[in-house]
Student: 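Here it is: the structure, laid out below.
First listed ligand is number 1; within each ligand, the first listed atom is number 1. Just the heavy atoms: all of them, side chains too, but no hydrogens, waters or symmetry mates, feed the values below.
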Amino acid sequence: MDRQTCDVLVVGAGAAGLAAAVTAAHYGASVILAEKAPVIGGTSAWSGGWIWVPCTAVAHRHGIVEDISEPRRYLSAVLGNGFDADRVDAFLAAAPEMVDFFETRTALRFDCGARIPDTYGDLPGAGTGGRSVIAQPFDGRALGADIALLRRPLPETAFLGMTIQAGPDLRAFLTATRSVSSALYVAQRLGRHLWDLARHGRGMQLRNGNALVARLLKSARDAGVDIRPSHPVQRLTRDADGVTGAVLQGPSGPVEIAARRGVILAAGGYPQDAARKSASFPHPGHHRTLAVPEATGDGLALAEAVGGGQATDLAAPAAFCPVSEVVWPDGRKGTFPHIIDRGKPGVIGVLADGRRFCNEGLGYHDYVRDMLRALPEGAEPMSWLVCDHRFLRRYGLGIVRPAPVPVGPWIKSGYLKTGATPRALATACGIDPDGLRETLETFNTFARRGEDPAFHRGTTPYMRLQGDPDITPNPCLAPIETAPFYAVRLVPGSFGTFAGLRTDCLARVLDHAGQPVAGLYAAGADMASVMGGHYPAGGINLGPALTFGFVAGRHAAGGAA
Ligand SMILES: Cc1cc2nc3c(=O)[nH]c(=O)nc-3n(C[C@H](O)[C@H](O)[C@H](O)COP(=O)(O)OP(=O)(O)OC[C@H]3O[C@@H](n4cnc5c(N)ncnc54)[C@H](O)[C@@H]3O)c2cc1C
């Protein structure tokens with residue numbers, strides 16, 4: 001077997017692995033980054049790219065200065081028994097350092113989510129903006145030949161392969177038929193995109209998770225990281241003192257890597273591991289994850305073989321998101337995450353009895369949790385998002401885009417159900433028609449007044465941001481009354497898993513006695529979520545992934561304790 005040596009071996013090239021590799025290299029380590037897929041980026045490259053990291057210099061630049069005790073108070077309120085003070089404090093302390101490090105020493109630059117509030121605005125310490133950042137858009141041409149290594153965006157969330165960023169970018173697309181400046185902006189974006197497609201065979205105006213990964217990939221190259229796509233790590237090696245390295249499967253056979261300073265696991269958790277999901281997920285057979293197929297729990301299995309332990313006490317095993325199942329015209333199947341449409345005015349979620357069960361405009365995680373709680377015993381886990389024609393053409397629903405993009409193909413494929421009346425729609429979906437009629441009557445009566453006494457939509461800054469500022473008196477509420485009516489079927493899905501390996505404040509993997517396994521770290525979804533299985537804000541996956549990747553890389557390289 002071929003034998004090679006480095007200081008730090010990183011397993012998996014998503015956000016966490018890239019962050020760890022770049023950091024370790026900057027702190028003087030020789031780094032090998034082993035990636036199972038032929039492309040770089042993992043689920044991170046498909047993500048919205050929002051990164052929850054309070055109290056950073058990026059927020060300060062926008063005039064948002066708050067004491068770290070405020071986000072801490074908020075996390076304490078949301079996480080309850082899952083609040084692990086040591087790890088939360090380690091995260092909150094290191095997050096601003098991580099942001100400074102990447103902005104000053106690498107190709108990563110951030111924009112501020114200055115107006116993005118935390119999800120539960122009624123809890124103490126909830127932020128109203130400035131706690132999240134996103135990688136600035138990136139011109140893919142700056143990657144040179146490495147652009148071929150970048151995982152392409154998820155087709156379901158892109159438009160003709162182009163990533164659209166939540167915020168002003170998305171708003172321009174949603175208002176392009178009603179505003180001249182939006183139409184001009186969209187024409188310019190589309191024109192450039194079509195040119196890139198013709199010239200490079202892919203979009204080059206990178207945004208969201210694709211921009212984050214591209215910037216990290218560029219930073220890894222600049223820092224001299226030895227990046228090895230198509231090199232799955234198969235097992236760890238160890239001696240009496242701890243982990244010593246790993247065996248990778250290369251295209252021409254196995255390679256044994258001796259890692260003098262440590263191995264960092266960042267293989268993306270277990271959303272694609274059927275056995276682990278059966279053991280920990282509610283309704284595993286009905287669950288549709290959005291994560292990349294390579295996320296099969298390898299990091300957990302590698303760690304368990306040397307004494308590491310998985311956390312099993314989280315409030316939820318995964319970061320839930322309601323999804324719909326898409327069949328593209330060419331027969332390809334996909335999964336669409338309902339992140340944005342649920343919060344717009346004029347849509348409701350109902351179960352098969354036609355009744356609402358939650359505040360549709362709260363978080364995606366909450367929607368799935370509430371749906372599973374509300375299901376009658378033995379019922380299939382699913383719900384319907386119901387809207388009218390006005391809503392569909394203004395905002396789109398799931399994969400169905402707003403006007404002027406045609407809706408016909410989605411009706412034909414069966415993805416979008418429709419009916420001239422609520423009763424006809426209910427019959428097409430198999431929803432109880434009387435239940436849906438009653439629900440709509442009640443909902444519409446209150447929605448016209450901007451009220452939602454049942455679930456209180458529009459009562460926090462988070463909900464209002466998801467709404468439509470042009471709708472009054474409540475940006476989250478409008479009656480559903482303009483025929484024809486439409487519905488899309490939602491099932492439980494996830495962005496990835498929360499229930500990773502137990503680690504300490506330095507991201508070191510812990511054994512069953514709570515002691516660090518020497519030489520072994522975990523970050524990203526391979527690490528048990530510091531949020532305890534809760535979802536306090538958008539970006540709570542990537543924030544800790546980058547931060548603990550940074551912490552692990554720095555510690556493994558010997559840069560700082
Ligand atoms: C549509 C969508 C939107 C999202 N939006 C957000 C958002 O805005 N903010 C947020 O915080 N989170 C978001 N998420 C969740 C977030 O993307 C993930 O939690 C995060 O990317 C996980 O990062 P990671 O580095 O742990 O794993 P990944 O990015 O999945 O990387 C893991 C890598 O490890 C590789 N690998 C696996 N096994 C091996 C092995 N044996 N050897 C070597 N390599 C291996 C995989 O191929 C993969 O490339 C979103 C997810 C989706 C799907």
Student: So if I count the atoms of ligand 1 from 1 in the order they appear, which ones are less than 4.0 Å from some heavy atom of G14?
Tutor: 25 (O), 28 (P), 29 (O), 31 (O), 33 (C)

Student: State the atoms of ligand 1, each with its element, that fall below the 4.0 Å cut-off from a heavy-atom position in G41.
Tutor: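 With G41 as reference, the close atoms of ligand 1 come out as 29 (O).
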
Student: Decide whether the shortest distance between a heavy atom of A545 and an atom of ligand 1 is less than 4.0 Å.
Tutor: no

Student: Going by side-chain contact (heavy atoms from CB on, under 4.5 Å), name the residues that satisfy it together with D146, two or more places apart in sequence or in a different chain.
Tutor: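 Partners of D146 by the side-chain contact (heavy atoms from CB on, under 4.5 Å) criterion, ordered by chain and then number, come out as L143, L149, L217, R221.
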
Student: Counting both backbone and side chain atoms, is some N or O of G49 under 3.5 Å from an N or O of ligand 1?
Tutor: yes

Student: Is any N or O atom of N541, backbone or side chain, closer than 3.5 Å to an N or O atom of ligand 1?
Tutor: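 Min N/O separation from ligand 1 is below 3.5 Å for N541.
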
Student: Go through the structure and list residues passing side chain to side chain donor-acceptor pair (under 3.5 Å) with E156, not counting sequence neighbours.
Tutor: W328

Student: Name the closest protein heavy atom to atom 41 (N) of ligand 1, giving the residue it belongs to and the distance to 0.1 Å.
Tutor: D298 OD2, 2.8 Å

Student: When you measure from the centre of the six-membered ring of Y27, is the NZ or CZ of R105 under 6.0 Å away and within 45° of the axis?
Tutor: yes

Student: How close does the nearest protein non-hydrogen atom get to atom 20 (C) of ligand 1, and which residue and atom is it?
Tutor: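 Going atom by atom, the protein heavy atom closest to atom 20 (C) of ligand 1 ends up being S44 OG, 3.8 Å.
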
Student: Among all protein heavy atoms, pick the one closest to atom 35 (C) of ligand 1 and tell me residue, atom and distance.
Tutor: E35 OE1, 3.3 Å

Student: Do W46 and ligand 1 have an N or O pair less than 3.5 Å apart?
Tutor: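 No; the residue has no nitrogen or oxygen that sits under 3.5 Å from a nitrogen or oxygen of the ligand.
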
